[in-house]
Amino acid sequence: MEFEEMKKIWDAQNNQALFVLDENALHHRIQSKMNRGLHLASSTEWSLIIVYLFAGSLLIGLNSYKSGVNIFMFIEAAWMFATVVFIGINRMRRIKASRQFDRSLKGDLDFALSLSHYQLRLSQIINLNLIPMGAIMIFSGWEAGKLIKVGALMLISYALAYYVGNKGIQANKKRRSELEILKEKLETDN
Amino acid sequence: MTEKEQLAILHEWIRRNKGLIFKVVRAYATAHQEDLFQEIMIQIWNSIPSFRNDSSVTTWMYRIALNTAIKWVKKENKNSRYETLKPAHHLLQEIQEPEDERLDWLFREIYKLDKIDRSIFLLLLEGFSYREMSSILGISESNIGVKINRIKKQMIIKSKNYENHGI
């Protein structure tokens, strides 16, 4: 067979779909992504609630125990508790909103996408939340006369928290684009 | 670019070039075809904002698809050492309609080529010029020419064996 013959054989298949989409498998994949998203959203919320509650309580405890009250430590603790309330409200809203999706393939896909959007938004807000918290900590260090020590410690810990948070955001973006692709596949096939 | 616009562009690109991705998937993966398919789709999706109309959409999609497939094969080769058997839910199912046996043979032989030769031969069959191939694969035109001559000879010999002995 000469190359021209191979090219003819090749061209004959052009624009023919060589595969079809298996909707059951697609549904299965979407459900598994949805369950993973649910688990991730829930564990993120609980971890953040526990960490902020613990850190806020610790700040209040330490500040009350010490002589000489640092008002910025109390503001920081109050900010942390407010963040806990914010996460709690968002969690309740998320659970309530999840009831509006039906159990069809499209419903599950939309639910998985909404979870991914929620997770991404939450991660971004928590990352941004580090800025005011950091500022309050700097004021606190300044009031206590330990600006450099507190500032350096805060910078390291917040940079670390930002890095971890940002990794989560990137992973979430990837999952969201996977879901968008699945949606695209479904729409193209229908 | 909004996500909605990006999705509309992807929809249009896929509608026009659906066969392209399937061909690359079939040439580069025998197992886990849907994983490669999905990976290529994700990379194409991510590439949409950086598409500047310097080349045709088909050339652009081929560039993304082939580069993704080459990287994917490398990764798969590494991972296959640690792979465990788990139930697979295949997203893509091959259409079982009778196909030209020679096409099946052609795909099998393409799959046997090394990663870069595979890309070159696919692009050659698709009718891309040396210059386009060079821009897609990042290999000089003269090198492409040398490789094409070698691959063509190799494929013609194999086709003669196939026609004479069915192998």
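None of the values given here were measured: they were computed from a predicted structure.
Heavy-atom distances place no part of B:I40 under 4.5 Å from chain A, backbone and side chain included. Looking at B:L10, both its backbone and its side chain come within 4.5 Å of chain A, counting heavy atoms on both sides. Residue B:I21 does not touch chain A at all, counting heavy-atom pairs closer than 4.5 Å.
B:F121 and A:F3 have perpendicular rings, their planes meeting at more than 60° on a 0 to 90° scale where under 30° would count as parallel.
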>> Applying side chain to side chain contact (heavy atoms under 4.5 Å, CB included) to B:L137 and B:F128, what does each step give before you reach the verdict?
In response: CA-CA 12 Å; B:L137 298 170; B:F128 282 92; over 6 Å; no
> Going through the checks in order, is the side chain to side chain contact (heavy atoms under 4.5 Å, CB included) test met by A:T83 and A:I126?
Replying inline: CA-CA 9 Å; A:T83 309; A:I126 293 301; 4.1 Å; yes
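Between B:D104 and B:R108 there is a salt bridge, with a side-chain nitrogen of the basic residue lying less than 4.0 Å from a carboxylate oxygen of the acidic one.
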